[in-house]
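Have a look at the structure below, then the notes.
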Amino acid sequence: MTTKRVITLVAGVSAWACNGNGTQPPGPPTDLAKSGGDGQSWYYNNPLPISLSVIALDPSGRPVPGVVVTWAATSGGVRPAQSTTNANGVASTIDSLGSSTLQTVSASFTGLSNAATFTEIGSAPSTAVGVSVSNNLFAPRDTAVQSGGTVTWTWNSGTTQHNVTYVSGPTPLPANSPNQSGTTTFSTTFAAVGTYTYHCTFHPGQMMGSVTVVH
Ligand SMILES: [Cu+2]
């Protein structure tokens with residue numbers, strides 16, 4: 001009998017202490033703050049590289065889990081169109097960008113007065129891209145080309161030999177260049193969408209680059 005009463009008393013004090021120290025659950029959400037993916041520039045009808053995310057907050061600025069966020073895009077589309085905030089109050093979606101230059105994606109939940117708005121920029125990918133091969137770098141190091149398009153490397157390296165050797169990407173990897181110097185060129189036409197990385201085997205730590213192939 002006595003033991004049971006002591007346990008009840010301790011539990012009651014413990015619950016009171018939690019409330020008094022501000023550790024109670026967050027209140028209903030009143031705000032959505034952008035937490036990632038705003039202001040990206042990418043290519044028409046290709047998913048943005050960084051997902052869009054928001055954080056739901058209560059009036060004290062505490063993250064609120066379990067909030068259903070609805071996403072809407074002015075162009076293209078978002079997947080999923082609804083997502084629920086996780087334990088950190090964060091919900092996210094992927095924007096497929098669509099075919100307009102300037103586009104917005106809004107995020108809201110039922111009862112929210114001001115939706116969060118993301119602005120993204122679309123453009124047409126190039127079908128022919130040039131990269132300079134010099135001592136000892138590829139410029140630009142990272143480039144993008146449309147599927148079916150061609151990247152042409154032009155050597156400006158005097159008598160020093162370099163090569164373009166693929167390291168990773170959709171398989172099978174394209175053919176590598178020979179070892180070349182002077183003012184020679186080498187081209188690859190890309191079919192498969194994805195990101196290819198390459199380097200020069202003579203200068204692998206310095207000379208590296210990537211080609212991202214988009215739709
Ligand atoms: Cu090299």
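In listed order, ligands and their atoms are each counted from 1.
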Item checked: side chain to side chain donor-acceptor pair (under 3.5 Å) assessment of Tyr43 paired with Thr212 -> CA-CA 11 Å; Tyr43 303 101; Thr212 299; over 6 Å; no
Next item on the list: Measure from the Cu ion (ligand 1) to every N/O/S atom of His162 and report the name of the nearest one.
Entry: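 Closest to the Cu ion (ligand 1) among those atoms: ND1.
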Next item on the list: Give the atom name of whichever N/O/S atom in His203 sits closest to the Cu ion (ligand 1).
Entry: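 For His203, the N, O or S atom at the smallest distance from the Cu ion (ligand 1) is ND1.
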Item checked: Closest non-hydrogen atom pair, Thr85 against Val64 ->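 Closest approach of Thr85 to Val64: OG1-O, 2.8 Å.
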Checklist line | Side-chain H-bond candidate by donor/acceptor type, Thr197 with Ser210, under 3.5 Å | finding: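 There is no such pair (donor and acceptor under 3.5 Å, judged by atom type) between the side chains of Thr197 and Ser210.
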Next item on the list: Verify the distance criterion only: is there a donor paired with an acceptor across the side chains of Gln82 and Thr70 at less than 3.5 Å?
Entry: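 Yes, a side-chain donor-acceptor pair sits under 3.5 Å.
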Notebook entry, point to check: Do you see an N/O/S atom of Met207, backbone or side chain, under 2.8 Å from the Cu ion (ligand 1)?
Noted result: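 Within the cut-off used here (under 2.8 Å), Met207 does place an N, O or S atom near the Cu ion (ligand 1).
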